[in-house]
Amino acid sequence: MYRILSILFLLTFFSFQPKAQDARGGQRERALQFVADGDNLMRMGMIDQSLQLYSNAIAMDPGFADAYMKRASLLGKLGRTNEALADYNMAIQLNPYVELMYDQRAKLKLLSFDYKGAVDDLNRGLALDPANKLLLEHRAEAKAFMNDFQGALEDYYALLDSFPDDTLVYLRKAILYIDREDFAMALTDIQKVLTINPQSSLAWNVMGIYYQKLRRHPEAVAAYSKAIQINPDFALAYYNRSVTHSLVGNRTESLNDLDKAISIDNSLKNAYFNRAVARKDAGDWEGSLDDYNKAVELDKEFTGALLNRGFTKKILGDYEGALTDYNEAIELNPEDANLYNMRGNIKALFGQYNDAIDDYTQALFLKNDYAEAWYNRGLVRIINFYVPQGCNDLRESIHHGHQEAESKLKYFCANY
């Protein structure tokens with residue numbers, strides 16, 4: 001009887017086992033098809049549909065690491081960083097032996113200012129492939145971000161040991177030296193590249209940065225012009241030359257270069273920002289607003305553009321729009337006293353005096369010697385019938401050097 005039961009058990013096991021394998025194989029096969037279809041839709045620009053297909057692949061086969069990686073890459077491009085990181089975490093948990101996934105996750109960590117986490121990931125990737133040039137380059141950049149100057153240099157020298165004529169590595173090293181104000185070493189690296197390739201527009205652009213840092217503005221303009229002569233479509237060289245022109249007061253030339261840079265590459269958010277400032281200085285507030293709009297469109301977290309756009313909207317009478325921009329800027333930078341002061345001004349214009357006072361108070365909590373915030377809170381308190389407190393604020397603003405507070409103190413506070 002025991003033998004018969006054993007035979008029945010074996011027959012049952014072997015009759016059902018292939019079907020289970022077929023089921024799992026079928027799931028992976030269908031998941032692979034979802035991913036392939038998602039890739040095709042990506043190439044056609046159908047982002048939402050592609051994302052859904054990658055999700056379908058994961059739902060079909062939750063152990064499919066490549067599907068998580070595909071979805072993570074797309075989420076990262078969409079700016080959904082936390083979701084992308086979660087998918088990379090799962091992909092690496094499922095398959096920890098693919099150096100590309102560590103590199104991709106490191107890029108997202110850099111965007112989140114997690115420089116140490118990025119370096120840790122790149123170390124893990126290099127442990128799998130120690131000679132990977134891309135990973136070494138990215139680790140050097142990550143180390144530079146975390147101010148590990150010596151570590152970044154070690155990676156660049158390691159790269160040059162394997163690729164002694166790699167001009168991009170020399171230029172990256174030169175920029176690192178410029179940032180550290182070791183100008184002699186920077187010049188050596190730039191000249192090395194120009195020896196290898198005298199027509200390197202990238203090298204002439206870095207030479208411009210070198211001269212600009214040294215405040216040798218005519219030579220900086222000449223270097224940028226050489227880069228543009230070699231490559232007339234070099235948008236960044238036009239942008240950099242515009243900055244130098246602006247520093248020496250050549251406003252027309254600076255604006256012309258910004259126009260050219262933007263015409264070549266309409267993704268340069270800083271070019272739109274600088275042109276907005278130039279247009280504002282020329283009295284073109286509407287044109288300035290257009291450029292700030294474009295800068296914010298390119299980078300929703302561009303605090304400087306949000307702040308300046310809010311001020312521009314205020315000048316143009318769009319107080320509600322200005323308030324919205326200041327709210328967003330404060331959400332991004334809750335420790336910036338200037339933002340609270342400016343938002344307080346907008347609330348005061350709306351007659352929201354108590355809320356304005358709260359903002360000025362927060363500004364002063366963050367920066368107690370902020371003369372303008374003392375002055376503004378003093379005036380709003382006086383308007384809001386808190387005259388003694390307002391007069392004390394005006395006195396405090398005088399103590400911190402505010403020029404107009406004394407006349408206001410004499411006018412409003414003769415009896416206080």
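Every residue was checked against the salt bridge (charged side-chain N to carboxylate O under 4.0 Å, His left out) condition with K314, not counting sequence neighbours, and none meets it. Considering only residues two or more places apart in sequence or on other chains, K313 meets the salt bridge (charged side-chain N to carboxylate O under 4.0 Å, His left out) condition with D325. D233 meets the salt bridge (charged side-chain N to carboxylate O under 4.0 Å, His left out) test with no other residue; sequence neighbours excluded. Applying the side chain to side chain donor-acceptor pair (under 3.5 Å) criterion to N308, with sequence neighbours excluded, gives Y292. The ring pair (Phe, Tyr, Trp, His ring centres under 6.0 Å) search around F145 returns Y115, not counting sequence neighbours. The salt bridge (charged side-chain N to carboxylate O under 4.0 Å, His left out) search around E331 returns none, not counting sequence neighbours.
Under a cutoff of 6.0 Å and an axis angle of 45°, K347 and F350 do not form a cation-pi pair.
Evaluation of the salt bridge (charged side-chain N to carboxylate O under 4.0 Å, His left out) test over residues 157-166, restricted to residues two or more places apart or in two chains, returns K133-D166. The stretch residues 266-278 participates, sequence neighbours left out, in these salt bridge (charged side-chain N to carboxylate O under 4.0 Å, His left out) pairs: D259-R275, K269-D299, R275-D291. Judged as a salt bridge (charged side-chain N to carboxylate O under 4.0 Å, His left out), the pairs with a partner in residues 181-202 (not counting sequence neighbours) are, in order, K173-D189. Residue pairs meeting the disulfide (SG to SG under 2.5 Å) criterion with at least one member in residues 26-69: none, sequence neighbours excluded. The salt bridge (charged side-chain N to carboxylate O under 4.0 Å, His left out) contacts involving residues 406-416 comprise nothing, where partners must be two or more places apart or lie in separate chains.
Listed for the S254 side chain is a donor-acceptor partner under 3.5 Å among the backbone atoms of S242.
Atoms OH and CZ, from Y353 and F385 in turn, are 8.5 Å apart once rounded to the nearest 0.5 Å.
Between E286 and R279 no salt bridge is recorded (no basic side-chain N to carboxylate O distance below 4.0 Å).
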For residues 92-102, which side-chain N or O atoms pair as donor and acceptor with protein atoms under 3.5 Å away, sequence neighbours left out?
| from | atom 1 | to | atom 2 | distance (Å) |
| --- | --- | --- | --- | --- |
| N95 | OD1 | Y97 | N | 3.3 |
| Y102 | OH | P96 | O | 3.0 |
| Y102 | OH | R124 | NH2 | 3.2 |

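In the model, R241 has a side-chain atom that pairs as donor or acceptor with a side-chain atom of S225 under 3.5 Å.
When all heavy atoms are compared, the tightest approach of T303 to A329 is CG2-CB, 4.2 Å.
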